[in-house]
Amino acid sequence: MKLNFLHDGEFIVVFSLHFGLSAIPFRRRIVTFYACFNFNSYILYLLQDLKDVLQTVPEIENIVGEAVAQALMNAELHEKIDAYVKSPLRSAFTQLMTLNKEAVAEALSKIKKRLNEENQIRTLTPKEQLALRLEKQYPDDVGVLSAFFFNYIKLAPGEALYLDANEPHAYLYGECVECMATSDNVVRAGLTPKYRDVETLCSMLTYKQGLPEILEGVPVDEFTSRYSPPFDEFEVDRCILPSSGTVTFPAVPGPSIFLVLYGKGVMTVNNESISSLQQGDVLFVPAYTQLEISSIIEADRDADKACSPLHLYRAGVNSKALE
């Protein structure tokens, strides 16, 4: 599982298209975070989304083949549509991901030429604009083509989402804070110079269709919001502590890890020792340990920096698992 929070600034990050044991991305603050998750849309819209891809991206239709394309085009809505679409979706995605390099390069060249021409007479869709952007960063990469199969998600500051095991996802750009459960299984597929295991990747996916749930956090106190995914491994607290503010993290039965993203402060542990905190500090806090943290102000020529809040993140065992 994995948690990502958006991080301040304009730095653009392109993450590999990979598959972990379970994931939750969360993000926060100023910059919008862009990502691709799961396969296109949700049940009522799924068929139309897939059909739109086949109808508007001829290069994709040619890649997946007539039989698979026809199976998706002929599908009709009914209560078992999710299961019905999985087989042709698996076939289409596998056919795409196993293309040889020459076929990928040819398809991307055609898409790039067509979209650049159409951009002169109409506004490209967000997914089409994304494809052109990714192609510049990763030319001749099959991950650019796979973007047409995924939901294109934009997270606003303070929003988060989670991803379960064996679901495809790609972090495109923006900055975030991520929490991930212990995993020794990351399989990469595209948008990366690292090793790719396409056969394992295509066989391990669930091929579930749907939009990821966007989490906005539940207030714990006036400075802290909690993001709790629907699994036991962890939860994440986000604390934005104003200048001279103080917050108490009560003792809990499980350990916690704290990350200081911005600002400076001091902490008191179990009402005894006092230590300073600053940007970049990472703390391990044992179970049954109370932590009190205060933000401090230091003189600075830049008034904004002098009064900037203390930004903290805490990852710990999900409270529901400790009840």
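For the numbers below, each heavy atom of this structure counts, side chains included, while hydrogens, waters and symmetry mates do not.
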Cluster link [X] to [Y], ILVMFWY, side chain under 4.5 Å:
{"X": "Leu132", "Y": "Ile111", "value": "yes"}
{"X": "Val104", "Y": "Ile63", "value": "yes"}
{"X": "Val269", "Y": "Val252", "value": "no"}
{"X": "Val266", "Y": "Leu241", "value": "no"}
{"X": "Val282", "Y": "Val177", "value": "yes"}

Where [X] and [Y] come nearest, the two heavy atoms and their spacing:
{"X": "Val142", "Y": "Ala189", "value": "CG1-O, 3.8 Å"}
{"X": "Ala131", "Y": "Val144", "value": "O-CG1, 3.4 Å"}
{"X": "Cys239", "Y": "Val247", "value": "SG-CG1, 3.9 Å"}
{"X": "Gly263", "Y": "Leu310", "value": "C-CD1, 3.5 Å"}
{"X": "Ala69", "Y": "Leu54", "value": "O-CD1, 3.7 Å"}
{"X": "Ala165", "Y": "Thr206", "value": "O-CG2, 4.1 Å"}

From [X] [atom1] over to [Y] [atom2], what is the distance, rounded to the nearest 0.5 angstrom?
{"X": "Leu108", "Y": "Asp140", "atom1": "CG", "atom2": "CG", "value": "6.5 Å"}
{"X": "Tyr173", "Y": "Gln137", "atom1": "OH", "atom2": "CD", "value": "9.0 Å"}
{"X": "Met97", "Y": "Glu199", "atom1": "CE", "atom2": "CD", "value": "13.5 Å"}
{"X": "Leu145", "Y": "Glu135", "atom1": "CG", "atom2": "CD", "value": "10.0 Å"}
{"X": "Met267", "Y": "Leu312", "atom1": "CE", "atom2": "CG", "value": "10.5 Å"}
{"X": "Glu292", "Y": "Thr268", "atom1": "CD", "atom2": "OG1", "value": "5.0 Å"}

Between [X] (side chain) and [Y] (backbone), is there a donor-acceptor pair under 3.5 Å?
{"X": "Lys320", "Y": "Pro229", "answer": "no"}
{"X": "Asn119", "Y": "Leu115", "answer": "no"}
{"X": "Glu159", "Y": "Ala156", "answer": "yes"}
{"X": "Thr224", "Y": "Asp221", "answer": "no"}
{"X": "Tyr207", "Y": "Cys202", "answer": "yes"}
{"X": "Glu235", "Y": "Ser319", "answer": "yes"}
{"X": "Asn318", "Y": "Phe231", "answer": "yes"}
{"X": "Ser109", "Y": "Ala105", "answer": "no"}

May I ask you to test the [X]-[Y] pair for a side-chain heavy-atom distance under 4.5 Å?
{"X": "Ser228", "Y": "Val218", "result": "no"}
{"X": "Val53", "Y": "Leu72", "result": "no"}
{"X": "Ile293", "Y": "Phe223", "result": "no"}

Residues in ring-ring contact (aromatic ring centres under 6.0 Å, His included) contact with Phe249, at least two apart in sequence or another chain: Phe258
Would Thr56 and Thr125 count as a side chain to side chain contact (heavy atoms under 4.5 Å, CB included) if you check the C-alpha gap in whole Å, the side-chain angles of each, and the deciding distance to 0.1 Å? CA-CA 11 Å; Thr56 62; Thr125 67; over 6 Å; no
Check the pair Arg114 / Glu118 against side chain to side chain contact (heavy atoms under 4.5 Å, CB included), numbers first and verdict last. CA-CA 6 Å; Arg114 177 175 59 81; Glu118 293 182 10; 3.2 Å; yes
If the condition is side chain to side chain donor-acceptor pair (under 3.5 Å), which residues does [X] pass it with, not counting sequence neighbours?
{"X": "Lys136", "value": "none"}
{"X": "Gln55", "value": "none"}
{"X": "Ser244", "value": "none"}
{"X": "Ser225", "value": "none"}

Begin from the C-alpha positions of Glu128 and Arg122 and carry the test side chain to side chain contact (heavy atoms under 4.5 Å, CB included) through to its verdict. CA-CA 12 Å; Glu128 290 172 333; Arg122 68 174 177 88; 3.0 Å; yes
Suppose the criterion is side-chain hydrogen bond (donor to acceptor under 3.5 Å, both in side chains): which pairs have a residue in residues 93-108, not counting sequence neighbours? Glu106-Lys110
Look at the rings of His311 and Tyr262 and say which category their plane angle falls in: under 30° parallel, 30 to 60° tilted, over 60° perpendicular. perpendicular
Before you tell me yes or no, could you show the steps for Gln278 and Val260 under side chain to side chain contact (heavy atoms under 4.5 Å, CB included), namely the whole-Å CA-CA distance, both residues' side-chain angles and the distance that decides it to 0.1 Å? CA-CA 6 Å; Gln278 61 182 356; Val260 181; 5.8 Å; no
Under a plain distance cut-off of 3.5 Å, with no hydrogens placed, do Thr248 and Gln290 share a side-chain donor-acceptor pair? no
Less than 4.0 Å between a side-chain N and a carboxylate O, is that true for Asp141 and Arg196? yes
